[in-house]
Amino acid sequence: MPSWQHITYSDEIAAEHAGSIVTVGGWVQEIRNLGGISFIQLRDRAGVVQVTVLKKKNPELFKEINSLQRESVITVKGVVKESKEAKKGYEIIPEEFRVLNAAASPLPLGVVDKVGADLDTRLNNRFLDLRKAEIRAIFQVRATTLAGIRRHLTDEGFVEVTTPKIVAAGAEGGSTLFPIKYFDKSAYLAQSPQLYKQNLMASGMDRIFEIAPAYRAEASDTVRHIAEFTSLDVEVAFIESSEDVMAVAEGIVHSSLNHVAEAARRELDILGVDLSSPETPYPRITYDEAIDLLRSNDMEIDHGEDLGTEGEKLLGDIMLKKRGSELYFITKFPTSLKRGTFYAKRDDEDPELTGYFDLDYRGQEIVSGGQREHRYDVLVEQMRENDLNLESFAFYLKAFKYGMPPHGGFGFGIERYVQKMLNLSNIREAVLYPRDRVRLIP
RNA sequence: GCCCCGGUAGUGUAGCGGCCUAUCAUCCGAGCCUGUCGAGCUCGGGACUCGGGUCCGAAUCCCGACCGGGGCGCCA
């Protein structure tokens with residue numbers, strides 16, 4: 001006789017269990033009571049198992065189990081019976097059951113209701129939303145993606161680091177910083193580990209990465225912006241050009257896509273997503289070529305202009321159609337468009353160009369980076385152009401005076417990556433508890 | 001920050017000046033049913049975001065508040 005504590009998951013029950021008693025447990029997903037026989041769909045982490053109850057066998061138990069509210073948590077001790085009618089090929093004939101926690105009614109969000117629910121309603125009741133296999137699958141894919149990225153980078157000799165999320169100054173414009181109180185000083189939530197990962201390039205740890213939250217107080221209310229997102233940041237020293245940085249980004253995407261396609265096959269199946277990485281190398285086009293492509297596709301855009309959302313989307317279509325790739329690099333962004341990126345190295349021949357690149361996935365930017373300016377004097381000059389207060393960057397600048405190798409890196413938006421991978425209409429779908437301009441709870 | 005759009009039962013919707021005692025589905029409750037798996041059938045339950053205004057009459061029109069959705073800019 002198994003104990004109440006030893007619960008067999010629905011996917012562990014096999015032919016060998018037939019005739020023996022097991023304990024199953026989980027949430028009462030559905031009760032189909034036909035009068036003399038009743039079917040309880042009991043859901044656990046692995047799936048759903050059917051508990052079949054006969055009235056004439058045990059009228060008392062029949063009555064009690066059928067009067068449960070949906071989504072109550074119960075454990076059932078019963079005999080595993082092979083059955084042609086049951087979907088799994090077996091069902092549980094209960095001997096006894098325990099109610100661990102009865103659910104109230106009505107549910108604020110149905111788990112298996114045959115009607116939709118707004119994202120807002122779902123997020124307000126995220127724990128219930130996550131009881132749906134197809135929602136949980138998103139986060140399993142996300143975890144698998146992160147595992148693939150970590151494995152790849154570790155194999156490539158990268159060291160995972162963690163840098164402060166409470167900082168004294170921002171890496172980019174000050175308007176997107178969340179101010180916080182820090183004892184008797186004022187501080188901010190880090191919008192990027194930019195300054196720290198560059199700082200580390202002077203440390204001898206010449207290949208590093210960090211996977212951590214980044215905070216942006218942008219007043220951006222779109223399906224691809226959130227105030228707190230997970231940023232994969234990579235920095236590599238002793239590079240020759242931005243091309244070396246692109247190669248790292250490409251390696252991460254390629255290997256993690258393949259890893260997910262393999263290791264998350266079940267979840268992709270649930271989500272109806274067919275995933276694969278395009279052949280490497282991914283196409284690379286320059287910013288100027290991108291503008292020309294857009295213009296030849298009847299978009300009104302001039303050289304020197306930002307691609308804009310419309311341009312990015314159109315370019316995604318064009319690259320898929322003409323180059324057969326959902327992933328592609330846009331390289332050599334003009335300096336005028338990266339003006340705020342004071343640490344970007346400019347082209348030696350043409351200072352109006354940077355070596356900065358974006359990696360776009362299905363018409364949306366997921367990675368942005370390039371070679372940094374590692375020469376102290378030039379860096380200071382570029383910071384002055386941006387009217388930056390050099391004193392508040394003292395710790396950052398110091399590292400450039402005592403042996404800073406050439407280096408580069410990028411920021412990689414994990415949720416955007418998952419969003420595009422799974423064709424999610426809103427980035428919030430890829431975050432358990434998203435933070436945006438208005439949402440702070442749950 | 002700018003520009004659109006919307007808020008009707010627990011959930012999702014229809015209705016857009018009087019046919020509203022508000023539609024449909026889902027859900028909940030009662031009943032029938034021994035193989036359901038989008039179970040079926042019968043009966044029942046439950047809602048117009050809030051505050052002003054217009055009008056003989058407001059879910060419906062106007063103003064404001066609150067809440068939400070989408071787009072742009074910007075970005076990961």
Side-chain angles (χ1 to χ4, degrees), chain A residues 29-42 48-57 62 67 69-71 81 83-88 91 103-125 128-129 171-173 175-176 191-194 211-234 249 305-313 337-338 340-341 358-361 364-369 410-420 425-428 430-431 436-439:
Chain A
Q29 179 166 290
E30 222 178 330
I31 300 173
R32 282 192 276 271
N33 182 356
L34 275 63
I37 187 170
S38 175
F39 304 99
I40 317 293
Q41 307 300 324
L42 189 65
V48 177
V49 60
Q50 176 161 283
V51 178
T52 302
V53 200
L54 282 169
K55 188 180 193 174
K56 68 174 185 192
K57 187 171 173 256
F62 187 86
S67 61
Q69 288 297 333
R70 295 194 307 170
E71 297 302 321
K81 184 187 157 206
S83 159
K84 267 183 236 135
E85 286 95 347
K87 264 194 172 160
K88 288 237 156 79
E91 59 197 357
S105 178
L107 297 164
L109 174 69
V111 176
V112 289
D113 284 11
K114 294 154 196 76
V115 292
D118 290 342
L119 181 58
D120 191 51
T121 307
R122 290 173 41 214
L123 290 176
N124 283 336
N125 301 281
L128 279 169
D129 190 43
E172 334 250 317
S175 61
T176 68
Q191 62 195 172
S192 159
Q194 184 64 34
I211 298 173
Y215 302 92
R216 306 252 167 115
E218 286 169 354
S220 298
D221 224 347
T222 81
V223 294
R224 62 187 182 284
H225 284 91
I226 37 179
E228 178 182 53
F229 68 96
T230 308
S231 181
L232 162 64
D233 278 273
V234 170
E305 254 183 87
D306 202 84
L307 298 182
T309 306
E310 188 197 347
E312 278 189 4
K313 285 178 184 161
L337 291 179
K338 295 287 179 189
T341 313
D358 284 356
L359 173 59
D360 281 33
Y361 189 12
Q364 184 171 292
E365 179 185 337
I366 60 166
V367 180
S368 189
F410 53 82
F412 183 134
I414 295 297
E415 287 85 7
R416 281 194 180 177
Y417 185 38
V418 173
Q419 181 191 5
K420 282 302 174 183
S425 58
N426 194 314
I427 194 168
R428 291 162 182 78
V431 188
D436 59 32
R437 270 188 87 182
V438 291
R439 183 175 285 280

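In what follows, every chain begins at residue 1, and chains take the letters A, B, ... in the order their sequences are listed. What you see is a predicted model, and the numbers here were worked out from it, not measured in a lab.
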Novice: Under 4.0 Å, counting only non-hydrogen atoms across every strand here, what does A/Gln419 touch: a base, just sugar-phosphate, or nothing?
Specialist: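 The residue A/Gln419 makes no contact with any strand.
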Novice: Nearest-Å distance, CZ (A/Arg70) to C1' (B/C27)?
Specialist: 6 Å
Novice: Compute whether any side-chain donor of one residue and acceptor of the other, for A/Gln29 and A/Gln41, lie under 3.5 angstrom apart.
Specialist: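 Per modelled atom types, A/Gln29 and A/Gln41 side chains form no pair under 3.5 Å.
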Novice: Are more than 12 heavy atoms, taken from residues, nucleotides or ligands other than A/Glu305, located less than 6.0 Å from that residue's CD atom?
Specialist: yes
Novice: Taking the same atom, P, in B/G69 and in B/C43, what whole-Å distance lies between them?
Specialist: 39 Å
Novice: Round to the nearest Å and state the distance from A/Lys88 atom NZ to B/C37 atom C1'.
Specialist: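 Going from A/Lys88 (NZ) to B/C37 (C1'), I get 12 Å.
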Novice: Take atom P in B/G38 and the same atom in B/C72, then report the distance between them in whole Å.
Specialist: 39 Å
Novice: Have a look at A/Ala214 and say if it touches a base, only the backbone sugar-phosphate, or nothing, with a 4.0 Å heavy-atom cut-off.
Specialist: nothing
Novice: Rounded off to whole Å, could you give me the CZ-to-C1' distance for the A/Arg437 and B/C75 pair?
Specialist: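 In whole Å, B/C75 C1' and A/Arg437 CZ are 15 Å from each other.
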Novice: Check residues 224-234 of chain A and write down every donor-acceptor pair under 3.5 Å in which the side-chain atom is one partner and the other belongs to a residue at least two apart or another chain.
Specialist:
| unit_1 | atom_1 | unit_2 | atom_2 | d |
| --- | --- | --- | --- | --- |
| A/Arg224 | NH2 | A/Thr309 | OG1 | 3.1 |
| A/His225 | ND1 | A/Thr222 | OG1 | 2.7 |
| A/Glu228 | OE2 | A/Tyr215 | OH | 3.1 |
| A/Thr230 | OG1 | A/Arg142 | NH2 | 2.9 |
| A/Thr230 | OG1 | A/Glu415 | OE2 | 2.6 |
| A/Ser231 | OG | A/Asp233 | OD2 | 2.6 |
| A/Asp233 | OD1 | A/Lys197 | NZ | 2.8 |

Novice: Is any side-chain nitrogen or oxygen of A/Thr176 closer than 4.0 Å to OP1 or OP2 of B/C74?
Specialist: no
Novice: Touch check for A/Val367, heavy atoms < 4.0 angstrom, all strands: base, sugar-phosphate only, or nothing?
Specialist: sugar-phosphate
Novice: Does A/Glu365 contact B/C74 through a side-chain donor or acceptor facing the base, at a distance under 3.5 Å?
Specialist: no
Novice: Assess, by modelled atom type and distance only, whether the side chains of A/Glu218 and A/Thr176 contain a donor and an acceptor separated by less than 3.5 Å.
Specialist: no
Novice: Can you name the salt bridge (charged side-chain N to carboxylate O under 4.0 Å, His left out) partners of A/Arg32, sequence neighbours left out?
Specialist: A/Glu30
Novice: Calculate the interatomic distance between A/Lys55 atom NZ and B/U34 atom C1'; express it in whole Å.
Specialist: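 Result: 11 Å.
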Novice: Is there a donor N/O on one and an acceptor N/O on the other, under 3.5 Å, for the side chain of A/Lys56 and the base of B/U34?
Specialist: yes
Novice: On RNA chain B, check which nucleotide each of A/Gly413 and A/Ser67 is closest to and give me the residue with the more 5' one.
Specialist: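 It is A/Ser67, whose closest nucleotide lies nearer the 5' terminus.
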Novice: Work out how far the P atom of B/A59 is from that of B/G7, and round it to whole angstrom.
Specialist: 15 Å
Novice: What's the gap between B/C20 and B/C48 when it is taken at their C1' atoms, as a whole Å value?
Specialist: 10 Å
Novice: Taking atom P in both B/C28 and B/G68, compute the distance separating them and give it to the nearest angstrom.
Specialist: 28 Å
Novice: Per the atom types in the model, does the base of B/U36 pair as donor or acceptor with the side chain of A/Gln50 at under 3.5 Å?
Specialist: yes
Novice: Taking only the C1' atom of each, what is the distance from B/A47 to B/A14 in whole angstrom?
Specialist: 13 Å
Novice: Return the stems involving RNA chain B, sorted by first number, where pairs are Watson-Crick (N1-N3 with N6-O4 or O6-N4) or G-U wobble (N1-O2 and O6-N3), both under 3.5 Å, and runs are 3 or more long.
Specialist: B:1-7 with B:66-72, B:10-12 with B:24-26, B:27-32 with B:40-45, B:49-53 with B:61-65
Novice: Rounding to an integer number of angstrom, what distance separates B/G35 and B/G29 when you compare their C1' atoms?
Specialist: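 So the two C1' atoms sit 25 Å from each other.
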Novice: When the C1' atoms of B/G64 and B/G46 are considered, how many whole Å apart are they?
Specialist: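 So the two C1' atoms sit 31 Å from each other.
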Novice: Please report the distance, rounded to the nearest Å, between CD in A/Glu218 and P in B/A76.
Specialist: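 Between P of B/A76 and CD of A/Glu218: 8 Å.
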Novice: Contact class for A/Glu312 vs. all strands (heavy atom < 4.0 Å): base, sugar-phosphate, or nothing?
Specialist: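 If one applies the 4.0 Å heavy-atom cut-off, A/Glu312 turns out to touch a base.
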Novice: Rounded to the nearest angstrom, tell me the gap between atom CD in A/Gln69 and atom C1' in B/C27.
Specialist: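 Between C1' of B/C27 and CD of A/Gln69: 11 Å.
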Novice: Evaluate the ring planes of A/Tyr417 and A/Phe412, with Trp represented by its six-membered ring, and classify them as parallel (under 30°), tilted (30 to 60°) or perpendicular (over 60°).
Specialist: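 Geometry flag for A/Phe412 against A/Tyr417: perpendicular rings.
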Novice: How does each nucleotide of nucleotides 38-47 of chain B score, in 5' to 3' order, for protein heavy atoms under 4.0 Å: base (B), sugar-phosphate only (S), or none (-)?
Specialist: SB--------
Novice: Test: side chain to side chain donor-acceptor pair (under 3.5 Å). Region: residues 104-119 of chain A. Which pairs qualify, not counting sequence neighbours?
Specialist: A/Gln69-A/Ser105, A/Arg70-A/Asp113
Novice: Roughly how many Å is it from OH in A/Tyr215 to C1' in B/C75, rounded to a whole number?
Specialist: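 For the pair A/Tyr215 OH and B/C75 C1', the rounded distance is 18 Å.
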Novice: Could you write out each protein N or O paired with an N or O of nucleotides 66-72 of chain B at a distance under 3.5 Å?
Specialist:
| unit_1 | atom_1 | unit_2 | atom_2 | d |
| --- | --- | --- | --- | --- |
| B/G70 | OP1 | A/Asn426 | ND2 | 3.1 |

